[in-house]
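Presented below is the structure to which this report refers.
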Amino acid sequence: MSLSEIRALDYTVLLCSRLEETRAFYREVMKFPVETDRENWVSFRVGATLLALRPRGQWSVCDDGNSISGSAAVQLAFRVSLPAVDACHAELVDKGVPILRGPTDLPHWRHRTLFFRDPEDNIIEIYAEY
């Protein structure tokens with residue numbers, strides 16, 4: 001087996017300085033179904049993949065190091081139907097989530113996008129193709 005045989009991203013782990021706040025965000029704001037919920041690990045089912053959270057810091061493989069406040073470590077993009085972009089925007093605003101950029105058409109990409117941050121300052125994009 002070689003690296004060229006990789007065909008799928010199975011799960012993504014977000015390293016968290018504010019695990020409880022981030023856990024609540026993905027569970028209560030984003031409404032992702034919980035797959036596993038332990039003290040130092042929570043994973044959410046997002047389609048065929050898992051989005052997992054764990055505390056930032058030293059663990060058996062390495063030390064994650066410190067994060068810089070206000071600096072994103074990752075951008076997560078979630079695809080929805082075209083009408084859902086605006087519906088998601090309204091729902092996020094109702095829940096008090098600060099929006100980086102409201103629903104915007106990007107003709108070059110043929111995307112309608114919406115951007116905001118999670119409690120760890122990661123950039124979240126909700127988009128639809130048109």
Side-chain angles (χ1 to χ4, degrees):
M1 182 147 175
S2 69
L3 294 174
S4 64
E5 294 181 39
I6 295 171
R7 296 290 181 258
L9 177 65
D10 186 55
Y11 65 93
T12 299
V13 179
L14 299 181
L15 308 177
C16 299
S17 300
R18 297 181 295 271
L19 182 61
E20 291 308 314
E21 187 179 349
T22 307
R23 175 187 274 131
F25 177 83
Y26 284 101
R27 183 182 58 229
E28 296 164 17
V29 174
M30 299 300 290
K31 302 283 189 198
F32 292 159
V34 175
E35 181 89 3
T36 303
D37 196 352
R38 298 187 178 122
E39 181 181 353
N40 290 320
W41 177 274
V42 61
S43 60
F44 301 92
R45 177 63 55 190
V46 185
T49 64
L50 290 175
L51 176 64
L53 313 175
R54 74 164 175 81
R56 177 178 284 284
Q58 189 168 351
W59 61 297
S60 62
V61 175
C62 64
D63 186 338
D64 303 322
N66 296 322
S67 64
I68 299 169
S69 183
S71 175
V74 68
Q75 176 177 326
L76 299 173
F78 299 102
R79 186 172 44 203
V80 297
S81 68
L82 191 55
V85 174
D86 291 275
C88 289
H89 177 253
E91 190 174 339
L92 291 164
V93 169
D94 285 346
K95 293 179 179 187
V97 175
I99 304 298
L100 295 174
R101 184 173 71 197
T104 305
D105 289 330
L106 302 175
H108 180 75
W109 293 97
R110 298 190 61 205
H111 283 185
R112 182 158 180 81
T113 64
L114 160 66
F115 289 90
F116 54 100
R117 290 184 184 266
D118 73 6
E120 298 294 332
D121 293 320
N122 296 307
I123 297 170
I124 309 300
E125 175 185 8
I126 293 178
Y127 80 98
E129 295 177 338
Y130 62 84

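These numbers come from a predicted model, not from an experiment. Only this structure's heavy atoms are used, side chains among them; waters, hydrogens and symmetry mates stay out.
Surrounding CH2 of W59 are more than 12 heavy atoms belonging to other residues, nucleotides or ligands, all under 6.0 Å away. Around the CG atom of N66, the shell of radius 6.0 Å holds no more than 12 heavy atoms that belong to other residues, nucleotides or ligands. Around atom OH of Y11, no more than 12 heavy atoms belonging to other residues, nucleotides or ligands sit under 6.0 Å away.
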side-chain contact (heavy atoms from CB on, under 4.5 Å) between R112 and D86, intermediate numbers included: CA-CA 9 Å; R112 182 158 180 81; D86 291 275; 3.0 Å; yes

Evaluation steps, side-chain contact (heavy atoms from CB on, under 4.5 Å), between V34 and V42: CA-CA 7 Å; V34 175; V42 61; 4.2 Å; yes

Test side-chain contact (heavy atoms from CB on, under 4.5 Å) applied to L76 and L14, step by step: CA-CA 10 Å; L76 299 173; L14 299 181; 3.9 Å; yes

Does the pair F115 and T104 meet the rule for a side-chain contact (heavy atoms from CB on, under 4.5 Å), with working shown? CA-CA 9 Å; F115 289 90; T104 305; over 6 Å; no

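A distance-only check finds a donor-acceptor pair linking the side chain of D63 to the backbone of G65 [under 3.5 Å].
Among residues two or more places apart in sequence or in another chain, the salt bridge (charged side-chain N to carboxylate O under 4.0 Å, His left out) test is passed with R27 by none. Qualifying salt bridge (charged side-chain N to carboxylate O under 4.0 Å, His left out) partners for R45, counting only residues two or more places apart in sequence or in other chains: E35.
The stretch residues 67-76 participates, sequence neighbours left out, in no salt bridge (charged side-chain N to carboxylate O under 4.0 Å, His left out) pair at all.
Contact between V85 and Y127 at its shortest, heavy atoms only, is CG2-C, 4.0 Å.
F44 and W41 fall into different hydrophobic clusters, where Ile, Leu, Val, Met, Phe, Trp and Tyr residues are linked whenever their side-chain heavy atoms come under 4.5 Å apart, directly or through other members.
Between F32 and Y26, the angle of the ring planes stays under 30°, which puts this pair in the parallel group of the 30/60° scheme.
Using modelled atom types and a 3.5 Å distance limit, the side chains of T22 and E120 yield a donor-acceptor pair.
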